[in-house]
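Numbers here are sequence positions counted from 1. Small disclaimer: the values here were computed from a predicted structure and weren't measured.
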Amino acid sequence: MTVVLRPLGRVGRLPLASVLGATLIALWATVALLWPHLVPYDPDVQRPQDRFLEPSGEHLLGTDQFGRDVFSRMLAGARPVLEVAPAATALAVLAGTVIGLLAGGVGGWLDEVVMRIVDALVVFPAVIAAVLFAALLGRSTGVLVLVVAAALTTLVTRSVRAATLVEREKPYVEAALLRGEPLWSLLGREILPNVRRTVYVEATSRLGDAVFAAATLSFLGLGQPPGSPEWGAAVADNRVWLGNAPWTVLAPALAIVSLVVGVALVADTSRRAAGDET
């Protein structure tokens, strides 16, 4: 009984904001996986005779200009977002951690070159990069993942490098150098475990950025094709109807906001926890 209650006790001590954020993330993750079993209507079937119906018991969030059920499309739109955002975040955190460790741990000319490249990429607008990638490689989920990951990698690199520079000045690193530890061991076995909190905070923070970036690129027509239930594309398709059918825009927009806020709440808690432990 004690073993069972111990995890529940830890959950009970979590801040309410963190619990709420985790609940929102879990809710949308479940929807992304199970939406075909949750939608009351086929999200792609057009019913012209039912266009612009207001929210009701039959259509919880109304219908759009083609008579498609907005609630069903909002649920179906969770999967494209959650196919891109976690993959882009994982790729960015992996690349940014490796680059940041090398730049901060090795220092010298390598650090100088890496940071000049990172500074140049930060200045270069992500939207222009997305246009170039789409023109060269075509519009696809894989291209969207690469574009979002590239934009986030620079942010992760900066944070991990800064944490690595702090750790490099500590006595345990000097002791490892005196023992003659190779570079890979110094970075992977000595420094990486001590910057893991920074990596975790970056992972939770950048997931929200990735959700917003993916939706924004789809809104601009650089992600999912027109007509897709993906939230950003749905906002773009229906924004002209905001005046006479606001539910067609508000539903996907609020879905984006709820997921980004959920991730932000968890990220804020992780930042506070990391700050308390340092």
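- Here the CG atom belonging to Asp237 is positioned 10.0 Å from the CZ atom belonging to Phe219, to the nearest 0.5 angstrom.
- Counting all heavy atoms, side chain and backbone alike, Leu152 lies closest to Ala92 at CB-CB, 3.7 Å.
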Problem set entry | Candidate pair Leu82 and Leu259, rule side-chain contact (heavy atoms from CB on, under 4.5 Å), full reasoning | CA-CA 10 Å; Leu82 291 176; Leu259 181 55; 3.9 Å; yes
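- In this structure, the side chains of Trp247 and Leu250 stay at 4.5 Å or more apart for every pair of heavy atoms.
- Cluster annotation: Leu220 is not connected to Trp231 through the hydrophobic network of ILVMFWY side chains, with a link wherever side-chain heavy atoms come within less than 4.5 Å.
- A donor-acceptor pair under 3.5 Å is formed between the side chain of Arg51 and the backbone N or O of Gln65.
- Here Leu20 contributes atom CG and Leu265 contributes atom CG; the two are 5.5 Å apart, rounded to the nearest 0.5 Å.
- Considering Ile256, Val257, Val263 in turn, Ile256 is the only one that fulfils the side chain to side chain contact (heavy atoms under 4.5 Å, CB included) rule with Val260.
- At least one donor-acceptor pair under 3.5 Å links the side chain of Arg73 to the backbone N or O of Pro43.
- Contact record, Asp44 with Pro229: OD1-CD, 4.5 Å, taken as the closest heavy-atom pair.
- In this structure, the side chains of Pro40 and Ser72 come closer than 4.5 Å at one or more pairs of heavy atoms.
- For the atom pair CG (Leu53) and CG (Asp64), the distance works out to 10.0 Å, reported to the nearest 0.5 Å.
- Both Val195 and Leu110 belong to a single network of hydrophobic side chains, linked directly or stepwise wherever heavy atoms of I, L, V, M, F, W or Y lie under 4.5 Å apart.
- Distance alone, capped at 3.5 Å, places no donor-acceptor pair between the Asp268 side chain and the Ala264 backbone.
- Enclosure of atom CD in Glu54 is not indicated, since only 12 or fewer non-hydrogen atoms of other residues, nucleotides or ligands lie within 6.0 angstrom.
- Tracing side-chain contacts under 4.5 Å through hydrophobic residues (I, L, V, M, F, W, Y), one never reaches Leu75 starting from Val45; they form parts of separate clusters.
- Counting only heavy atoms from C-beta outward, the side chains of Leu144 and Ser218 approach each other to under 4.5 Å.
- In this structure, Arg158 pairs ionically with Asp119, as a charged nitrogen and a carboxylate oxygen lie closer than 4.0 Å.
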Exercise. After noting the C-alpha distance and the side-chain angles of Glu202 and Val199, does the key distance pass the side-chain contact (heavy atoms from CB on, under 4.5 Å) rule?
Worked result: CA-CA 5 Å; Glu202 283 298 306; Val199 174; 5.7 Å; no
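- The shortest distance between side-chain heavy atoms of Glu167 and Thr164 does not fall below 4.5 Å.
- Inspection of the Thr141 and Glu83 side chains reveals no N or O donor paired with an N or O acceptor under 3.5 Å.
- In this structure, the separation between CG on Leu187 and CG on Leu192 is 8.5 Å, given to the nearest 0.5 Å.
- Looking at every heavy atom in both residues, Leu60 comes nearest to Asp69 through N-OD1, 4.5 Å.
- A donor-acceptor pair under 3.5 Å is formed between the side chain of Ser258 and the backbone N or O of Ala255.
- Taking the side chain as every heavy atom from C-beta outward, Met74 and Leu61 approach each other to under 4.5 Å.
- The main-chain N or O of Val266 is never found under 3.5 Å from a side-chain atom of Thr204 such that the two would form a donor-acceptor pair.
- Proximity of a side-chain donor or acceptor of Thr97 to a complementary backbone N or O of Leu94 within less than 3.5 Å is not detected.
- The minimum heavy-atom distance between Ala88 and Ala149, with the atom names listed, is O-CB, 3.5 Å.
- Residues Asp111 and Arg161 are paired through a salt bridge, judged by an N-O separation under 4.0 Å between the basic side chain and the carboxylate.
- Residues Thr198 and Ser159 share a closest heavy-atom pair of CG2-O, 3.9 Å.
- Closest of all the heavy-atom pairs between Tyr200 and Ser270 is CE2-CB, 3.3 Å.
- Residue Val81 is not grouped with residue Leu91 when hydrophobic side chains (ILVMFWY) are merged at heavy-atom distances under 4.5 angstrom, including chains of intermediate members.
- A distance-only check finds no donor-acceptor pair linking the side chain of Arg116 to the backbone of Val113 [under 3.5 Å].
- Aromatic ring pairs are classed by plane angle as parallel below 30°, tilted from 30° to 60° and perpendicular above 60°; the pair His59 and Tyr41 is parallel.
- Between Phe66 and Pro48, every side-chain heavy-atom pair lies at or beyond the 4.5 Å cut-off.
- Cluster membership check: Leu27 does not share its hydrophobic cluster with Leu16, using side-chain heavy-atom separations under 4.5 Å among Ile, Leu, Val, Met, Phe, Trp and Tyr.
- Enclosure of atom CZ in Phe212 is not indicated, since only 12 or fewer non-hydrogen atoms of other residues, nucleotides or ligands lie within 6.0 angstrom.
- Cluster partners of Val240 are Phe52, Trp241, counting Ile, Leu, Val, Met, Phe, Trp and Tyr whose side-chain heavy atoms approach within less than 4.5 Å, directly or via other members.
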Problem set entry | side-chain contact (heavy atoms from CB on, under 4.5 Å) between Leu102 and Val114, intermediate numbers included | CA-CA 9 Å; Leu102 285 172; Val114 168; over 6 Å; no
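- Checked for salt-bridge contact, Arg68 and Asp50 miss the test: no charged N lies under 4.0 Å from a carboxylate O.
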